Amino acid sequence: TGVKGAPITLMSEKLNGAIFDGSNCHRPSAIAIHQKAHIVVDGFVFRFYAPKVLGRRAGMDYGQALLWGARNFTLQNCMQYGPGKYGQAAVMKWSRDVTWRNNVVMSFSGGIMGREMKSVRIVNNTFYMPLITNMNMGASPFVMKNNLFYGQSEQKYKVYMMQTPRNAN
């Protein structure tokens, strides 16, 4: 865990020069952040991690990036290339202050999925042809702006959000 103003930063020396390879879809996740805070991941390529059938093992889920209870996490300037099977670029649960910025996300059944999240920002990313949908997000507040969506039918660019009523605690 890092601290405010001094996050743990994993950065590729050359933008997209370092590749995390999932061994032909046999590894469940490239990044697994459980109950950690103040982390920045910058400039990597993630490819060929496990789809749903192979990803759910050893306490993992089937996202290339898996965040459970993470706080102040940023993924930026990365390329996430999926297996073209039923998998997610990210699966996030019970996390807060998460930013996805300046990334390319392609060849997944779904882009980014989040449940019971607080304060999520998805900005300046490019999404290429998901099989189902780009976003399935339960977060409040949720900011999504300046993203590009290529090869989409109408159903694939909708964002489904669960919002907490304003009067709720």
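Keep in mind that this is a model prediction, so the values were computed, not measured.
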### Task
Could you pull out the closest heavy-atom pair between Lys93 and Met113, with the gap in Å?
CE-CE, 4.4 Å

### Message
Contact between Leu66 and His34 at the side-chain level, heavy atoms closer than 4.5 Å - yes or no?
### Response
yes

### Query
Do Ile19 and Tyr81 share a hydrophobic cluster, counting only Ile, Leu, Val, Met, Phe, Trp and Tyr and linking them when any side-chain heavy atoms are less than 4.5 Å apart?
yes

### Query
Cluster question for you: counting only ILVMFWY and a side-chain heavy-atom cut-off of under 4.5 Å, with indirect links fine, are Met11 and Leu75 together?
no

### Query
When rounded to the nearest 0.5 angstrom, what is the spacing between CG in Asn124 and CG in Asn103?
10.0 Å

### Query
Going from OG1 on Thr126 to CG on Asn147, what distance comes out if it is rounded to the nearest 0.5 angstrom?
7.5 Å

### Query
Mind checking whether Val105 and Val123 sit in one hydrophobic cluster, side chains of I, L, V, M, F, W, Y counted as touching below 4.5 Å?
no

#### Entry: Check: Ser95 side chain, Gly69 main-chain N or O, donor-acceptor pair, under 3.5 Å
yes

### Query
Looking only at atom types and distance, does a side-chain atom of Gln80 sit under 3.5 Å from a main-chain N or O of Gln88, one as donor and one as acceptor?
no

### Task
Apply the test side chain to side chain contact (heavy atoms under 4.5 Å, CB included) to residues Ile112 and Phe127: give CA-CA distance (whole Å), side-chain angles for both, the deciding distance (0.1 Å), then the verdict.
CA-CA 10 Å; Ile112 301 173; Phe127 294 88; 4.2 Å; yes

### Task
Could you pull out the closest heavy-atom pair between Thr1 and Lys36, with the gap in Å?
OG1-CD, 3.3 Å

### Query
In terms of ring plane angle, is the pair Trp94 and Trp68 parallel, tilted or perpendicular, where the classes change at 30° and 60°?
perpendicular

Tell me which donor-acceptor pairs under 3.5 Å the side chains of residues 38-47 have, and how far apart each pair is, sequence neighbours excluded?
unit_1 : atom_1 : unit_2 : atom_2 : d
Asp42  : OD1    : Asn77  : ND2    : 2.9
Asp42  : OD2    : Gln76  : NE2    : 3.1
Arg47  : NE     : Asp21  : OD2    : 2.7
Arg47  : NH2    : Asp21  : OD2    : 3.1

### Query
Do you reckon Ile8 sits in the same ILVMFWY cluster as Phe73, going by side-chain contacts under 4.5 Å, direct or chained?
yes

### Message
I need the minimum non-hydrogen distance between Ser12 and Gly17, along with the two atoms involved.
### Response
OG-N, 3.6 Å

#### Entry: From CA spacing to verdict: side chain to side chain contact (heavy atoms under 4.5 Å, CB included), Thr74, Arg101
CA-CA 8 Å; Thr74 300; Arg101 178 177 45 231; 3.5 Å; yes

### Message
Let me check something: do Trp100 and Leu10 share a hydrophobic cluster, defined by ILVMFWY side-chain heavy atoms less than 4.5 Å apart, either directly or through other members?
### Response
yes

### Message
Counting C-beta onward and ignoring hydrogens, is there a side-chain heavy-atom pair between Arg115 and Val91 closer than 4.5 Å?
### Response
no

### Task
Verify side chain to side chain contact (heavy atoms under 4.5 Å, CB included) between Met144 and Ile122, making sure each step is shown before the conclusion.
CA-CA 5 Å; Met144 184 171 164; Ile122 310 290; 4.3 Å; yes

